[in-house]
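Here's the structure we're looking at; comments come further down.
Counting begins at 1 with the first residue of the sequence.
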Amino acid sequence: MSVHFTQADRRAMSRALELAAKGLTSAHPNPRVGCVLVKAGHTVGEGYHERAGLPHAEVMAIRAAGLRAQGATAYVTLEPCAHHGRTPPCVDALIDAGVRRVIFSVEDPNPQVSGRGAELLKRAGIAVESGLMAAEASALNAGYMMRRRQGRPFVRLKLAMSLDGRTALANGKSRWLTGEAARADVQQWRARSSAVLTGIGTVLADDPRLDVRLEGTARQPLRIILDSALRTPPTARVLAKPGEVRILTAATDASRRAALEKHGATVEVLAGDGSRLNLATVFPRLAELEMNEVLVESGASLAGACLQAGVVDEILLYVAPMLLGPQARPLLDLPPLEDLAASPRFEIRDTSTLGPDLRLILRPSTHEAR
């Protein structure tokens with residue numbers, strides 16, 4: 001039998017989702033979770049999970065409510081945890097606080113929690129309901145959900161192009177293709193990502209930093225370089241900034257590896273096919289490293305390879321209102337097509353104007369071409 005949720009329930013869960021979003025850039029590798037405690041129609045406590053190792057959202061809300069938590073309804077955006085991790089189980093905190101009812105949005109796919117949190121609450125005599133605003137809660141934690149369910153992170157591909165689909169002049173010059181507002185937007189996407197990934201071609205051509213340059217940044221994403229032959233220069237700017245850098249390679253050259261590790265990089269050998277790494281091994285490995293969301297910022301070759309491998313879950317496409325001409329560099333390296341029906345297709349999920357530029361958010365289409 002389906003649960004009937006009231007408008008008051010929806011308002012409370014909507015607020016819990018707002019709180020969860022406060023952990024957008026900081027909760028990694030944990031999910032973003034918010035909690036609201038309501039008693040007699042009034043909010044008595046709120047909380048969200050800020051950072052791994054700190055109290056979870058339920059505990060923060062209970063602390064804010066104090067004795068008023070007794071008899072309250074807890075609205076939580078994810079099933080309360082039932083295991084000892086970096087912090088004690090949230091189900092124990094809810095039971096000890098005396099809440100009478102728990103409504104959560106979506107079941108936690110973590111096998112240590114999945115269904116167990118709800119069952120323990122029910123055993124303690126607490127009414128438990130789920131499914132309220134599940135789509136919104138799942139979207140907020142798309143990377144965490146994918147890592148737990150499919151064993152790989154949510155992969156977001158960032159691309160920038162001119163109106164005629166070009167990324168740089170024939171001589172490689174592309175600074176600056178997009179405007180200040182679009183570049184600032186990219187910083188926000190980096191900040192929420194567990195990792196930013198690029199290929200050796202981009203490192204050699206552009207010498208990027210790949211860090212987050214926002215005021216008050218508390219966490220830098222892991223920076224990942226796919227470098228099958230270990231050609232990353234020890235002087236590369238990506239190695240000079242704060243935060244961790246991991247180079248994934250197929251090479252076993254000890255001297256090159258030592259030179260890069262001397263400059264702070266972690267070098268890891270993965271299976272490859274000689275000329276490049278096997279993407280089928282790269283992204284599951286990143287899931288093992290607890291990467292939830294990976295932002296790919298690369299050149300046409302790696303971007304095209306990711307699309308062909310079927311690992312791209314979302315595209316951030318920035319379009320600059322300029323023309324670069326047919327000799328300029330293309331957006332993606334893809335194999336030639338014989339028929340339009342074979343063309344990869346996407347659904348536009350969002351359009352935004354950022355200064356003079358346009359940003360599209362796209363997802364691979366689930367519909368066949370007509």
List in chain and number order the residues that pass side-chain hydrogen bond (donor to acceptor under 3.5 Å, both in side chains) with R359, two or more places apart in sequence or in another chain; answer none if no residue qualifies.
-> D185, D350, S352
Please list, chain by chain and in numerical order, all residues satisfying side-chain contact (heavy atoms from CB on, under 4.5 Å) with V311, sequence neighbours excluded.
-> F283, C306, A309
Only counting residues at least two apart or in another chain, list the ones meeting side-chain hydrogen bond (donor to acceptor under 3.5 Å, both in side chains) with D339.
-> none
Pairwise salt bridge (charged side-chain N to carboxylate O under 4.0 Å, His left out) hits with a residue in residues 309-324, at least two apart | R152-D313, R156-E314, E314-R363
Any residue meeting side-chain hydrogen bond (donor to acceptor under 3.5 Å, both in side chains) with T235, in chain and number order, not counting sequence neighbours | none
Partners meeting side-chain hydrogen bond (donor to acceptor under 3.5 Å, both in side chains) with E107 (sequence neighbours left out) = S114
Enclosure of Q187 CD (heavy-atom neighbours >12, cutoff 6.0 Å) | yes
Mind checking side-chain contact (heavy atoms from CB on, under 4.5 Å) for T43 and listing every partner two or more places apart, or none if nothing turns up?
-> V36, V38, E46
With a 4.5 Å limit on heavy-atom distance, are the side chains of F104 and T77 in contact?
-> no
Could you tell me which residues satisfy salt bridge (charged side-chain N to carboxylate O under 4.0 Å, His left out) with E136, sequence neighbours excluded, listed by chain and number?
-> none
Pairwise side-chain contact, E261 with R256, heavy-atom cut-off 4.5 Å (strictly under) | no
Check whether any side-chain heavy atom of S194 lies under 4.5 Å from a side-chain heavy atom of V294, and answer yes or no.
-> no
Do NZ/NE/NH1/NH2 and the carboxylate oxygens of R116 and E79 come within less than 4.0 Å?
-> no
Would you please say whether a donor-acceptor pair under 3.5 Å links the side chains of D227 and T249?
-> no
Would you mind checking if E119 and K122 are paired as a salt bridge, meaning a charged N to carboxylate O distance below 4.0 Å?
-> no
Quick one: do R237 and D211 make a salt bridge, cutoff under 4.0 Å?
-> no
Kindly check if the number of other-residue, nucleotide or ligand heavy atoms within 6.0 Å of CE (M146) is above 12?
-> yes
State whether the number of non-hydrogen atoms from other residues, nucleotides or ligands found under 6.0 Å of L67 atom CG is greater than 12.
-> no
So how far is it from T232 OG1 to L260 CG, rounded to the nearest 0.5 Å?
-> 6.0 Å
Residues that A259 engages under side-chain contact (heavy atoms from CB on, under 4.5 Å), provided they are two or more places apart | P234
Considering only heavy atoms from C-beta outward, does the side chain of L270 approach that of N278 to under 4.5 Å?
-> no
Taking only residues at least two apart or on different chains, which pairs with a member in residues 324-338 satisfy salt bridge (charged side-chain N to carboxylate O under 4.0 Å, His left out)?
-> none
K22 bridged to E50 by N-O distance under 4.0 Å = no
Residue set satisfying side-chain contact (heavy atoms from CB on, under 4.5 Å) with D164, at least two apart, ordered chain then number -> S162, R166, L323, L324
Distance-only polar pair, side chains of N292 and R147, donor-acceptor under 3.5 Å = yes
Quick note, ring-ring contact (aromatic ring centres under 6.0 Å, His included) partners involving residues 12-52, not counting sequence neighbours, are H49-H56
E244/R223 ion pair, N-O < 4.0 Å | no
